[in-house]
Protein chains: 2
Amino acid sequence: MTMRSDGDRRYTVKDVAARAGVSPATVSRVLGGTYPVAASTRTRVMRAVRELDYVANAQARALKGATSKTIAFVVNDVTGPFFAHVAQGVEKQATEEGRLCLVCTTHDDTARELAVIDLMREQSADAVILVGGGIETDEYRDRMVHLAHSLDKAGSRLVLCGRPSLGDDVPATVVEYDNEGGAYSMTSHLLSQGHRKIAYLGAHTSLTTTTARINGFTRAHTDMGLEVDSELIIEGRFLHSFGLTATRRLLAERPDVTAIFAATDMVAAGVLQALRQSDVRCPEDISVVGYDDVPFASDLYPALTTVHIPTDELGRTAVRLAIHRDEYAHNQHVVLGTHIVVRDSVAPPTIRRVRTPDGT
Amino acid sequence: MTMRSDGDRRYTVKDVAARAGVSPATVSRVLGGTYPVAASTRTRVMRAVRELDYVANAQARALKGATSKTIAFVVNDVTGPFFAHVAQGVEKQATEEGRLCLVCTTHDDTARELAVIDLMREQSADAVILVGGGIETDEYRDRMVHLAHSLDKAGSRLVLCGRPSLGDDVPATVVEYDNEGGAYSMTSHLLSQGHRKIAYLGAHTSLTTTTARINGFTRAHTDMGLEVDSELIIEGRFLHSFGLTATRRLLAERPDVTAIFAATDMVAAGVLQALRQSDVRCPEDISVVGYDDVPFASDLYPALTTVHIPTDELGRTAVRLAIHRDEYAHNQHVVLGTHIVVRDSVAPPTIRRVRTPDGT
DNA sequence: GTGAAAGCGCTAACAC
DNA sequence: GTGTTAGCGCTTTCAC
């Protein structure tokens with residue numbers, strides 16, 4: 001009926017023990033490593049292991065006390081370069097720590113996020129890492145606090161990666177990047193080039209990421225004695241298509257805008273495409289900047305000025321802090337730095353569509 | 001010493017049973033679902049579960065007969081868009097099938113690939129999916145065959161995703177895409193536009209992916225009675241940086257080349273950047289095409305003509321065939337179609353740097 | 001419809 | 001040094 005070779009079941013310690021002429025316990029000791037075993041016995045056991053091509057049953061091993069040696073990793077969408085790079089950091093560090101990585105996606109579905117976390121709880125993973133901005137409602141926050149405690153009780157550590165802390169009394173590790181600082185620097189960069197009407201494309205009310213970035217955006221204006229035109233903070237999802245449509249509308253309705261701050265590089269890609277389609281030059285007519293510094297940012301045309309996030313470090317740190325939380329006991333909230341990387345998509349403002357020889 | 005609340009251990013079926021005033025077996029039956037239980041008992045049990053915030057121990061459950069309900073996924077690098085999208089397909093389908101995803105990376109390290117697969121074997125995953133081109137040596141092939149059998153005995157199914165079959169007698173599922181066909185179509189497209197000197201950038205001897213693509217490339221030439229200039233098949237890794245340097249060299253050494261077929265879109269991005277830096281226009285002076293159709297392909301400038309791979313379907317199919325291999329018993333080798341998507345990076349050839357009014 | 005008991009594969013006390 | 005035994009948390013016969 002079935003295609004696989006049933007009948008010969010998977011070998012167990014018993015099989016190995018029988019073949020090597022020792023007891024199962026001895027086999028376990030040899031394989032475990034940290035126990036004195038006679039060299040001759042070890043040799044015989046190892047030979048039996050090799051001959052039978054034996055591997056231990058991870059479930060059985062995990063059942064017996066210890067942890068399952070896994071790290072769970074929850075993202076919205078593995079496909080986004082930001083997530084993928086954090087994932088890479090997580091995976092690399094997990095491997096170095098001798099852990100396996102469990103991955104789950106939520107696709108903007110809060111219910112699914114909860115379901116997924118329960119699954120992770122069942123797995124008794126060493127850490128459950130939540131990546132990306134969380135939602136900013138009290139209800140959501142309460143659920144997270146509850147989850148942190150549930151996981152803690154199950155022996156897992158909740159790690160918030162790229163989203164703010166839930167409070168000091170909550171058993172969770174937080175690894176953030178300086179979201180606001182990045183937005184501040186970038187906005188200052190634009191402002192100091194002379195831009196005064198900057199549109200922020202891709203605000204997402206109730207997303208923690210947005211809140212921080214808008215704060216930085218606003219503070220940069222305030223610090224220069226400028227005011228933010230709130231109509232220029234445009235809501236939208238972090239999608240290429242949003243950058244496209246929002247830019248078209250902006251072009252039509254707000255000829256005074258000289259720079260666009262896209263919430264993510266993905267959105268910026270859409271913006272650039274819309275500009276090209278409308279024959280608006282970047283950066284001569286309009287400057288464009290992004291956020292994330294994904295690898296293809298430098299392949300866009302023009303190469304995109306953007307905010308670099310230390311994605312790899314974010315992932316590695318998350319794993320490191322969670323696993324060694326005894327050593328890092330007083331360092332369970334870390335903020336990694338961000339910085340802008342200047343490429344070719346920003347220039348001083350000009351009056352759009354009226355090309356003056358110099359950029360004044 | 002430790003930060004987590006030790007002492008109160010994780011609840012078990014026993015705790016739930018005690019609280020609900022039933023036996024552990026009954027709790028298991030309620031939670032399992034598929035067994036007749038009195039409505040009143042069920043209610044009491046469910047209440048206890050909720051009150052204790054109980055979740056089952058996945059390891060213990062897996063130990064008892066069944067599978068671990070996980071799918072293992074081995075890629076070279078999660079960061080590449082191609083892998084990420086296949087991963088997404090795998091993850092989505094796995095979720096639909098009630099499975100969790102285990103992810104591992106190999107980073108071009110064959111030894112690590114083997115180690116990783118042993119880890120997966122320990123986990124008794126339902127399927128172990130290997131994504132991306134394999135290496136073409138007999139030794140490697142033999143090891144794969146051996147692994148297929150080992151996994152089969154452990155109750156796991158080996159799935160080769162995007163690489164050729166190991167032979168009909170090997171217990172493995174193969175989900176390929178028409179690698180050669182894509183290369184053939186694309187090359188024909190270029191040829192029919194009038195290009196005669198096409199460089200293939202990013203050949204990788206001993207990689208199965210390359211072999212298939214070069215075959216398609218060559219066959220397209222042959223079918224039109226043309227011959228391939230073997231010097232134009234240039235070795236290199238699938239990296240942006242390779243596209244960059246190889247193009248610079250090509251520009252300097254081979255002014256007769258009118259089109260570049262990049263092995264991947266990533267390489268194509270490097271090619272386009274090099275062209276821009278050298279003030280060579282695309283597609284007017286040189287046409288460029290890629291392979292993969294990653295999302296940012298349409299954001300390159302000019303938008304890239306490339307070969308579309310059904311990544312999502314690849315991942316989903318891999319999972320589906322592996323899990324339901326009894327139903328799909330005679331369909332364990334599937335080849336999904338590829339097709340070219342024409343955008344703006346190809347035009348008929350001109351004599352480079354000498355701009356003629358029409359493209360002859 | 002429910003309980004008691006056995007056992008999955010492994011490791012950690014505890015003997016010898 | 002090595003064997004024996006118990007038990008991790010769960011499911012699943014087998015009784016009742």
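Each chain gets a letter, A, B and so on, in the order the sequences are listed, and its residues count up from 1. Just so it is clear, the structure is predicted and the values come from calculations on it, not from any experiment.
Between Glu96(A) and Arg316(A), at least one side-chain N (NZ, or NE/NH1/NH2) sits under 4.0 Å from a carboxylate O, which counts as a salt bridge.
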Completion exercise
5' to 3', nucleotides 11-16 of chain D under a 4.0 Å protein heavy-atom cut-off (B base, S sugar-phosphate only, - none) gives BBB---

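For Arg99(B), the side-chain contact (heavy atoms from CB on, under 4.5 Å) partners two or more places apart in sequence, or in a different chain, are Lys69(B), Ile71(B), Ala94(B), Glu97(B), Asp126(B), Ile323(B). With sequence neighbours excluded, the residues that form a side chain to side chain donor-acceptor pair (under 3.5 Å) with Arg112(B) are Thr95(A). Residues satisfying the side chain to side chain donor-acceptor pair (under 3.5 Å) criterion with Asp108(A), sequence neighbours excluded, are Asn76(A), Arg237(A). Not a single side-chain contact (heavy atoms from CB on, under 4.5 Å) links Ala84(A) to another residue, sequence neighbours left out. Residues satisfying the side chain to side chain donor-acceptor pair (under 3.5 Å) test with Asp118(B), not counting sequence neighbours, are Arg121(B). Under the side-chain contact (heavy atoms from CB on, under 4.5 Å) criterion, Asp142(A) pairs with no residue, sequence neighbours left out. Applying the side-chain contact (heavy atoms from CB on, under 4.5 Å) rule to Glu139(B) yields the partners Thr137(B), Arg143(B); only residues at least two apart in sequence or on another chain are considered.
Note: CD (Gln59(A)) to C1' (dC8(D)) measures 14 Å, nearest angstrom.
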Expected list for residues 40-52 of chain A: side-chain donor-acceptor pairs under 3.5 angstrom, two or more places apart:
residue	atom	partner	partner atom	Å
Thr43(A)	OG1	Ala39(A)	O	2.6
Arg44(A)	NH1	Ala20(A)	O	2.8
Glu51(A)	OE1	Arg19(A)	NH1	2.2

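Extent of DNA chain C lying under 4.0 Å from chain B heavy atoms, first and last nucleotide in 5' to 3' order, is dG1(C) to dG9(C).
Note on the helix from dG1(C)-dC16(D) to dC16(C)-dG1(D): terminal axis deviation equals 40°, with five pairs used at each end and the result rounded to 10°.
Nearest-nucleotide mapping onto DNA chain C: of Pro36(B) and Ala60(B), the residue sitting toward the 5' end is Pro36(B).
Sorted by first and then second residue, the side-chain hydrogen bond (donor to acceptor under 3.5 Å, both in side chains) pairs involving residues 163-174 of chain A (not counting sequence neighbours) are Tyr140(A)-Arg163(A), Arg157(A)-Thr173(A), Thr173(A)-Gln332(A).
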